[in-house]
Number of protein chains: 2
Amino acid sequence: MNSSVHHLFREQTAGKKKRERTRGALLDSAISVFASKGYAATKITDITNHAELANGTFYNYYDDKDALLHDVAIGLAVEITSGIDAELQALIHAPTRVTLATARCLQIARQKPEWLRVLLESLFVVPEMQSAAVKYLRQDLELGIEQGHFTIEINLLLVNQILSLIRTAAIVDPQMSDITIQRTCEGLLRLLGLSSKKSANLVARVFKVHLEHCDA
Amino acid sequence: MNSSVHHLFREQTAGKKKRERTRGALLDSAISVFASKGYAATKITDITNHAELANGTFYNYYDDKDALLHDVAIGLAVEITSGIDAELQALIHAPTRVTLATARCLQIARQKPEWLRVLLESLFVVPEMQSAAVKYLRQDLELGIEQGHFTIEINLLLVNQILSLIRTAAIVDPQMSDITIQRTCEGLLRLLGLSSKKSANLVARVFKVHLEHCDA
DNA sequence: ACAAAGATTGAAATTTCTCTCATTTTTGAG
DNA sequence: CTCAAAAATGAGAGAAATTTCAATCTTTGT
């Protein structure tokens with residue numbers, strides 16, 4: 001049906017024993033089904049059908065849907081952040097770091113729309129997702145304040161406001177066009193205290209330098 | 001159990017015929033139950049029990065939960081916006097209008113936490129809520145651009161970003177303390193292009209002039 | 001006060017999932 | 001290839017909701 005569907009977990013478990021491969025199939029199917037029907041509306045049999053497994057097989061691996069979402073979310077988070085983290089290594093300018101991280105995150109959402117949708121749902125079901133996101137962000141925010149770029153106070157509300165801008169992009173424009181990514185980055189920088197002009201300039205520059213060969 | 005529960009719809013239908021009064025009871029109970037258990041987890045019988053009606057009575061009024069949420073959301077939206085709208089009549093300074101509207105909206109969320117929680121859930125189930133919110137906001141955004149205060153481009157993404165800041169306040173701080181309201185207003189103004197300093201000053205001023213006798 | 005229309009009731013049929021487990025099939029180490 | 005262990009199966013019991021509807025009660029206009 002959709003040749004662009006990715007199989008993160010099946011790839012990760014390709015060479016391993018049957019048990020791990022089946023688990024991978026369940027996790028990949030969970031991503032597809034959670035993304036298309038929403039977590040709440042998903043039934044266990046939706047997932048096992050999609051994975052072409054018997055309904056009972058699910059219970060050899062997980063106690064319930066929540067436990068499955070937990071593993072899916074952790075897996076996705078590790079996959080996404082490890083790549084972005086590596087790319088940011090050399091960057092010391094906090095606004096650039098934040099912009100690039102956000103843009104990369106949203107670009108992944110374009111290539112793999114299901115991933116971000118599932119991750120965003122997991123924020124409210126898997127508590128450790130929230131705190132992991134907060135931890136990552138806070139470092140760059142502190143850096144930006146030290147550097148004098150961000151003229152705001154760091155608090156839990158602000159961090160959640162930032163996450164909500166990313167969430168909003170995914171909801172308003174599931175296709176995640178370049179313009180949506182840029183506007184989201186600009187909005188984020190304005191939220192952190194940069195002027196409209198500086199935000200627009202920085203986003204333009206970051207796209208030119210780091211993202212020009214990555215268009216949809 | 002909770003003397004602070006409001007009965008918007010029962011009040012609205014007090015003098016009317018039985019049919020309308022029962023509908024009002026269902027709507028008020030729906031607000032309570034949706035807010036306390038969440039929309040997805042709410043069963044029809046939760047609502048009829050809360051309204052002290054037989055389970056079958058629900059089906060004399062609505063086909064399903066969605067139809068009920070629709071009526072609840074419309075009713076709440078009208079109630080909230082009409083009050084705020086009246087207060088904003090005389091104000092012509094767009095940033096002040098936006099700040100005051102946001103602050104009032106969040107103050108209502110403090111007094112009637114159930115209302116905002118239900119409204120926010122409805123944004124993704126009742127499509128016309130989204131467009132109604134957009135219509136209201138857009139006027140003030142255009143005004144602010146004309147006045148030279150907002151240095152942004154109006155688009156669907158921006159409007160949803162604004163709504164998401166309000167949503168975030170409700171999620172992060174359900175108590176809706178004054179500090180959360182202020183930070184949300186400030187973040188909103190920064191998102192619209194005001195500097196951190198101007199945002200903080202304006203919010204302080206608006207709270208002093210319009211909101212000083214309204215503390216929790 | 002009366003009766004027809006309108007509204008409510010709650011037991012029971014129906015639907016929809018979850019979860020178990022005895023049985024069958026597959027796997028992979030020797 | 002063999003066979004014990006591992007994994008998968010899917011029918012069905014059980015739990016939890018939804019929905020229907022014939023019977024009953026309440027309202028309201030006259």
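These figures come from a predicted structure and were not determined experimentally.
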Over all atoms of both residues, closest heavy-atom pair of B/Ser29 and B/Ile47: CB-O, 3.7 Å
State whether A/Tyr61 places a side-chain N or O below 4.0 Å from either non-bridging phosphate oxygen (OP1 or OP2) of D/dA7. no
Would you kindly give the CD-to-P distance between B/Glu52 and C/dG10, to the nearest whole Å? 12 Å
A/Glu20 CD to C/dT26 P, in whole Å, measures 21 Å
Rounded to the nearest 0.5 Å, what separates atom CE in B/Met129 from atom CD in B/Glu121? 13.0 Å
Rounded to whole Å, please give me the gap between CD1 in A/Ile47 and C1' in D/dA8. 17 Å
Please say whether the positively charged group of B/Arg21, taken as NZ for Lys or CZ for Arg, lies over the ring of B/Phe9, i.e. under 6.0 angstrom from the six-membered ring centre and within 45 degrees of the axis. no
Starting at CZ of A/Arg23 and ending at C1' of D/dA8, how long is that distance when rounded to a whole Å? 15 Å
Upstream residue (5' side of DNA chain D) when B/Arg21 and A/Lys18 are each assigned their closest nucleotide: A/Lys18
Check the side chains of B/Arg19 and B/Tyr61 for a donor-acceptor pair under 3.5 angstrom, ignoring hydrogens and angles. no
Could you check how far NZ of B/Lys17 sits from P of C/dA7, rounded to whole Å? 8 Å
Applying the side chain to side chain contact (heavy atoms under 4.5 Å, CB included) test to A/Ile162, which of A/Leu157, A/Val98, A/Leu141 qualifies? A/Leu141
note: A/Arg19, atom CZ; D/dA5, atom P; distance rounded to Å ~ 17 Å
Does A/Arg117 make a cation-pi contact with A/Tyr39, if we ask for NZ or CZ under 6.0 Å from the ring centre and within 45° of the axis? no
Once you round it to whole Å, what is the distance between P of D/dT28 and NZ of B/Lys16? 14 Å
Under 3.5 Å, N/O pairs linking protein and nucleotides 17-23 of chain C:
unit_1 : atom_1 : unit_2  : atom_2 : d
C/dT18 : OP2    : A/Ile44 : N      : 3.1
C/dC19 : N4     : A/Asn55 : OD1    : 2.9

Of the nucleotides D/dA7, D/dT9, C/dT8, which has the atom closest to the B/Thr22 side chain? C/dT8
